[in-house]
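Worksheet: the structure to be examined is printed underneath.
For clarity, every value in this text was computed on a predicted model and none was experimentally measured. Numbers restart at 1 for each chain; the letters A, B, ... are given by sequence-line order, proteins then strands.
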There are 2 protein chains.
Amino acid sequence: MSGMTFLPHPDTEHITLANVLTALGDETRLAIIGHLARNEENAMTCGQFLDLGSKTSLSYHLAKLREAGVVHVRPEGTKRFVTLRRVDLDARFPGFLDTIIATTRHLPFACRDGNVLTNAQLAEVGTS
Amino acid sequence: MSGMTFLPHPDTEHITLANVLTALGDETRLAIIGHLARNEENAMTCGQFLDLGSKTSLSYHLAKLREAGVVHVRPEGTKRFVTLRRVDLDARFPGFLDTIIATTRHLPFACRDGNVLTNAQLAEVGTS
DNA sequence: GCAATAGTTCAAAAGTTCTTGAACATTGAA
DNA sequence: TTCAATGTTCAAGAACTTTTGAACTATTGC
């Protein structure tokens, strides 16, 4: 009934560069950021990242990103809506997120089987 | 006599974002980058980073930064002169290094004993 | 209530990173 | 040649990170 699932997020002023860099220095998490960046209008659920790893492993990686202050996770029903903390990151490290995204955008997208997603597949992941 | 110590550096096009982020996602290495950024005119030797860790540990961290393509190391005599690979990083990830440095600049500088260097001490490290 | 959906937590295992000290290598100078 | 200076390599250990599957929680809809 209550829905009070605790999902701690650091305050903007407690987001540190070292934590953000550590969070992003991982292929899976960088790929998650890529998915989010291609989709900044509509929040994504965890399930939409399943091409990048198992449910458990994604839960782990998304927690890392959340704890570092890179993403915000909003529980709604049984789902969690994940968004980039763009405003906070821009305030804290101006220009940083954009250079990451710009690079991530024209990178091939590795998925869990080691092959690479086509643009068509990416569009599908992005809009489903 | 020969002086042919091999110090492999990745080519510019082989510098990857994930490797750079992993290399920078560490307090010691971020502090090294901070020292280098305050000193971009004159190359620094490894010995000038000794407030950040032991000789062995710095050798390890500087190798990480070199292998990721973040710094260039030029042997000269018994010393190694370390510089940021600014041109290459700017070509590969435009704006990235500057946002890192801008953040690093107004960060307190932790040194190995857990205390923080004053600006005077930093200047001393930088120009000795 | 019961089942389905969406995600988390736990403990174990495997792998990676970092620090340490001792031994080594290279260069330059007395 | 011998010494000091500067840094590297090696092996061991401690501490983290990541992945797994099984068990769990919370919510929604029937």
Side-chain angles (χ1 to χ4, degrees), chain A residues 1-9 18-32 43-68 70-83 110-114 128, chain B residues 1-9 18-32 43-68 70-83 110-114 128:
Chain A
M1 195 178 265
S2 70
M4 269 283 81
T5 322
F6 291 127
L7 278 182
H9 291 80
N19 286 348
V20 170
L21 290 169
T22 302
L24 296 181
D26 173 281
E27 298 283 7
T28 301
R29 294 192 292 261
L30 215 41
I32 290 174
M44 300 184 72
T45 62
C46 305
Q48 289 179 286
F49 301 112
L50 281 173
D51 54 317
L52 299 170
S54 68
K55 219 168 52 154
T56 316
S57 147
L58 282 171
S59 187
Y60 170 75
H61 286 300
L62 284 165
K64 285 255 159 184
L65 289 170
R66 174 175 50 74
E67 285 158 13
V70 178
V71 303
H72 184 263
V73 183
R74 169 172 51 85
E76 199 175 304
T78 72
K79 297 187 179 176
R80 271 99 203 276
F81 287 99
V82 184
T83 46
C111 75
R112 68 186 314 193
D113 315 307
S128 63
Chain B
M1 196 180 270
S2 72
M4 269 286 76
T5 323
F6 291 128
L7 279 181
H9 291 80
N19 286 348
V20 169
L21 290 170
T22 302
L24 296 182
D26 174 282
E27 298 282 6
T28 302
R29 295 193 290 263
L30 215 41
I32 291 173
M44 299 185 72
T45 62
C46 304
Q48 289 178 285
F49 301 112
L50 282 173
D51 53 315
L52 299 172
S54 69
K55 221 167 51 153
T56 314
S57 146
L58 282 171
S59 188
Y60 170 77
H61 287 301
L62 285 165
K64 284 256 161 185
L65 288 170
R66 173 175 51 75
E67 285 158 12
V70 178
V71 303
H72 185 263
V73 183
R74 169 172 52 83
E76 199 175 305
T78 71
K79 297 187 176 174
R80 269 98 203 275
F81 287 99
V82 184
T83 47
C111 76
R112 68 184 316 194
D113 314 305
S128 64

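dC18(C) atom C1' lies 18 Å from atom NZ of Lys55(B), rounded to whole Å. Note: CG (Leu7(A)) to P (dA6(C)) measures 17 Å, nearest angstrom. To the nearest angstrom, C1' of dT18(D) lies 17 Å from CG of Leu30(A). Distance, Phe49(B) CZ to dT8(D) C1': 17 Å, rounded to whole Å. Spacing between atom CZ of Arg74(A) and atom C1' of dT27(D) amounts to 16 Å, rounded to whole angstrom units. Between the CG atom of Leu58(A) and the P atom of dT18(D) there is a distance of 13 Å, given to the nearest Å. In this entry the distance linking OH of Tyr60(B) with P of dG7(D) reads 19 Å, nearest Å. A straight line from CG of Leu65(B) to P of dC18(C) spans 10 Å, rounded to a whole angstrom.
Between Val73(A) and Leu62(A), the closest side-chain pair of non-hydrogen atoms is not below 4.5 Å. Residues Asp26(A) and Lys64(A) fail the side-chain proximity criterion, which asks for heavy atoms closer than 4.5 Å.
Between Arg80(B) and dT8(D), a side-chain N or O to OP1/OP2 separation shorter than 4.0 Å is present. One finds a side-chain N or O of Ser57(B) lying less than 4.0 angstrom from the OP1 or OP2 phosphate oxygen of dT19(C). Taking side-chain N and O atoms only, His61(A) has a distance below 4.0 Å to OP1 or OP2 of dT19(D). Phosphate proximity of dT20(D) to Ser54(A): present, with a side-chain N or O under 4.0 Å from OP1 or OP2. Regarding contacts with the backbone of dT8(D), a side-chain N or O of Ser59(B) is found under 4.0 angstrom from either OP1 or OP2.
The residue Lys79(A) sits close only to the backbone: its heavy atoms come under 4.0 Å of sugar-phosphate atoms, none of a base.
Judged by distance alone, with hydrogens and angles left aside, the side-chain atoms of Arg66(B) form no donor-acceptor pair with the main-chain N or O of His9(B) at under 3.5 Å.
With sequence neighbours excluded, the residues satisfying side chain to side chain donor-acceptor pair (under 3.5 Å) with Asn19(B) are Thr16(B).
Counting only heavy atoms from C-beta on, Thr78(B) has its side chain closest to dA5(D) among dG7(D), dG7(C), dA5(D). Here dT18(D) is the nucleotide among dT18(D), dT27(D), dC10(C) with the atom lying nearest to any side-chain atom of Asp26(A).
Mapped onto DNA chain D by nearest heavy atom, Gly77(A) and Lys64(A) fall at different nucleotides, with Lys64(A) at the one closer to the 5' end.
Contact record, Val82(A) with Cys46(A): CG2-SG, 4.3 Å, taken as the closest heavy-atom pair.
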